[in-house]
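None of these values were measured; they are calculated from a predicted model.
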2 protein chains.
Amino acid sequence: MSQPTVSRALRGSKSVSAATRANIERIARELNYTVDKNASSLRSQRTHTLALLFFEDPTPDESMINPFFLSMLGSITRQCALRGYDLLISFQQMHNDWHVAYQDSHRSDGIILLGYGDYQTYRAKLEHLVEMDTKFVRWGSVSDDGIGLTVGSDNVGAGRQAGDHLIEIGRRSIAFLGDASDHAPEFQDRYTGLCEAMRAAGLAPDPALQRDAVSSEESGYAAARALLAAGKPFDAIFAASDLIAIGAMRALGEAGLHMPRDVAIIGFDDIPAAGLTSPTLTTVMQDMKGAGELLVDALLRRIDGQPAERRVLPTRLIERQSTAV
Amino acid sequence: MSQPTVSRALRGSKSVSAATRANIERIARELNYTVDKNASSLRSQRTHTLALLFFEDPTPDESMINPFFLSMLGSITRQCALRGYDLLISFQQMHNDWHVAYQDSHRSDGIILLGYGDYQTYRAKLEHLVEMDTKFVRWGSVSDDGIGLTVGSDNVGAGRQAGDHLIEIGRRSIAFLGDASDHAPEFQDRYTGLCEAMRAAGLAPDPALQRDAVSSEESGYAAARALLAAGKPFDAIFAASDLIAIGAMRALGEAGLHMPRDVAIIGFDDIPAAGLTSPTLTTVMQDMKGAGELLVDALLRRIDGQPAERRVLPTRLIERQSTAV
DNA sequence: CGCCATAGGGTATACGTATACGCATATTAT
DNA sequence: ATAATATGCGTATACGTATACCCTATGGCG
């Protein structure tokens, strides 16, 4: 029973007899022996590890993490475990050199990128990754920018869903809170979907009813206040995230407006808090479980040299009191 | 410039001259060269990686993760980064053999254990870890059970804080929702603190006003219903977690009770949703940021063979409407 | 009965780094 | 001035595995 035979047996090579393998496995168990991951990776140049890089624009409290992405973590780790991969995790601020750190040092076979943040500033880094032939997937807008492999929700469809629902309950003047520029492609897509729904119903989207906001309660509050101050009437709000929606609800409440009577409101993400606001918040739920699975699956296909295309996940409208007329 | 010199230079050894080091670093940058982590770990037997093992009792939806621990993730990853360590992550169900998987295969230098769950069932595994001389820290009750190194909130003190506050606003019959058995040492500690506060104020804790509950809204709802059904009067509730508290609030609301007039209520954890309930929920906040830092710090000390003792973190009472008389 | 294919497993080696050791040259003590 | 030390770096080797290659039995086939 030489060392290579043990190596072959434990990795399930077919060139070792069943009897020998059983024997080796028994002895390994007795000795509490496990294969040294470092030696194995060094020799085979495969780490069986994926790196999860989480980046955001710097926040005041640097230890805060967007809860939306955290909720994806469960299915990602689970999927990694099922596929026999470890997960290396790192929460980076955008300015770091995450784009070289992981692949070159042979820590991982591929990278999963999660994060909102200014899309333009990290586009160059993505291109660098492509150049180095680093395997990666990212979560984000699925509209084709040609860089790498993307998995994301059908944001345009989701925007249409939200718009259709608001129109269905009789709303005509629908405001949108969220950055609609190409700095935030996902928010932009949601706005696009809303506009499509409105046009399909014969309504004209009013640019004056769109206000930029990043995904935070404060930003949503500020955006809603600005919208109210502008004086332009509206009877519904589609917020690009639940946090924005919650901030907006606070502003509307302070302004003495009743929801949903005066203003119906829809959020995005279905964070746990959405069921606890008053009124409870109608929102668009993303398939986080499927997201993790598709991300890992797409990345592993890419690592194995199999064809892997963009994947789009459907969303689901969760109707609650904030649109219950 | 031999290979060992490069190795020495890049790791900051003092036995290489400043000029040579600068030169080597420049060339490394030009060539996009980084040290191979696997080879380095293999040779030095140090991975510079910590493993985060997250375990829970199996839940219906296996991809769900306790948001409380997720919020610790930020400061843990950050602290790891600051100390030059990678973080390997794994969410395990209790029944797996996590207690052997990581250390033996040389994936990490040490383990951080997070998780609620039945304490008794994993006690044996902890002892196994100690036997194997595996370096680990865990988050939990700091009451001394002698197994390994623990970092945790001052749960007894927190219970006293909550009790004192409720007594201060004139409550005399304080119920406790949360498992008070030694299956959940942290909840037990919180109950102990509450009882201490009551006794200090000349009140006698009534065992009939304690109801078991695990940390979920459903469980809190059920516990509060049971409490109401028992008919024993009470004017305050201290819930062992915010989720329990939120469930209890739903039960109280359905019973037509007004909070805080009829029943004041305090939760635990200060999850984001606590500020969104109506009434907003008074709660005990744990120092999650400090927690991550202390966990990592304690583990690294242990790995380096330095003395490392148990660490206790203070908590802070966040007063909101649910106790505002 | 001789031939070849095949299964099963051993031998030798390479992966890229860290470290013990040795050897110059430079520096200080005597 | 000579011996004693320190500094800076090269040589040789080991970490534990995976893989290319080789060798031995065994069985099938003519």
field: Considering all heavy atoms, the nearest A:R310-A:L149 contact
entry: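 The pair with the smallest heavy-atom distance is N-CD1, 3.7 Å.
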Can you list everything that forms a side-chain hydrogen bond (donor to acceptor under 3.5 Å, both in side chains) with [X]? Sequence neighbours excluded, please.
X: A:N155; result: A:R190
X: A:S41; result: none
X: B:S44; result: none
X: B:S40; result: none

So the salt bridge (charged side-chain N to carboxylate O under 4.0 Å, His left out) pairs with at least one residue in residues 17-26 of chain B (sequence neighbours excluded) are B:R26-B:E30
[X]: side-chain contact (heavy atoms from CB on, under 4.5 Å) partners, not counting sequence neighbours:
X: A:R43; answer: none
X: A:T5; answer: A:S2, A:R8, A:V16, A:T20, A:I24
X: A:Q3; answer: A:S7

Query raised in the report: Using a cut-off of less than 4.0 Å, is there contact between a side-chain N or O of B:S2 and OP1 or OP2 of D:dG10?
Result: yes
Ordered by number, residues from residues 15-26 of chain B within less than 4.0 Å of DNA chain D (heavy atoms) are B:S15, B:V16, B:S17, B:T20
Of B:A39 and A:P4, the one whose nearest nucleotide on DNA chain C sits closer to the 5' end is A:P4
Which angle, rounded to 10°, do you find between the first-five-pair axis and the last-five-pair axis of the helix from C:dC1-D:dG30 to C:dT30-D:dA1?
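Roughly 30°, once rounded to the nearest ten degrees.
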| request: Give A:R11 one of three labels, base, sugar-phosphate or nothing, depending on what nucleic acid heavy atoms sit under 4.0 Å from its own. | output: sugar-phosphate
For residues 292-301 of chain A, run the donor-acceptor check on the side chains, cut-off 3.5 Å, and write out each pair with its distance to 0.1 Å, sequence neighbours left out.
residue : atom : partner : partner atom : Å
A:D297  : OD1  : A:R83   : NH1          : 2.9
A:R301  : NE   : A:P307  : O            : 3.1

Sorted by position of nearest nucleotide on DNA chain D, 5' first, the leading residue of B:Q45 and A:Q3 is B:Q45
5'-most to 3'-most nt of DNA chain C touching chain A (<4.0 Å, heavy-atom partner on protein side) reads C:dG8 to C:dG16
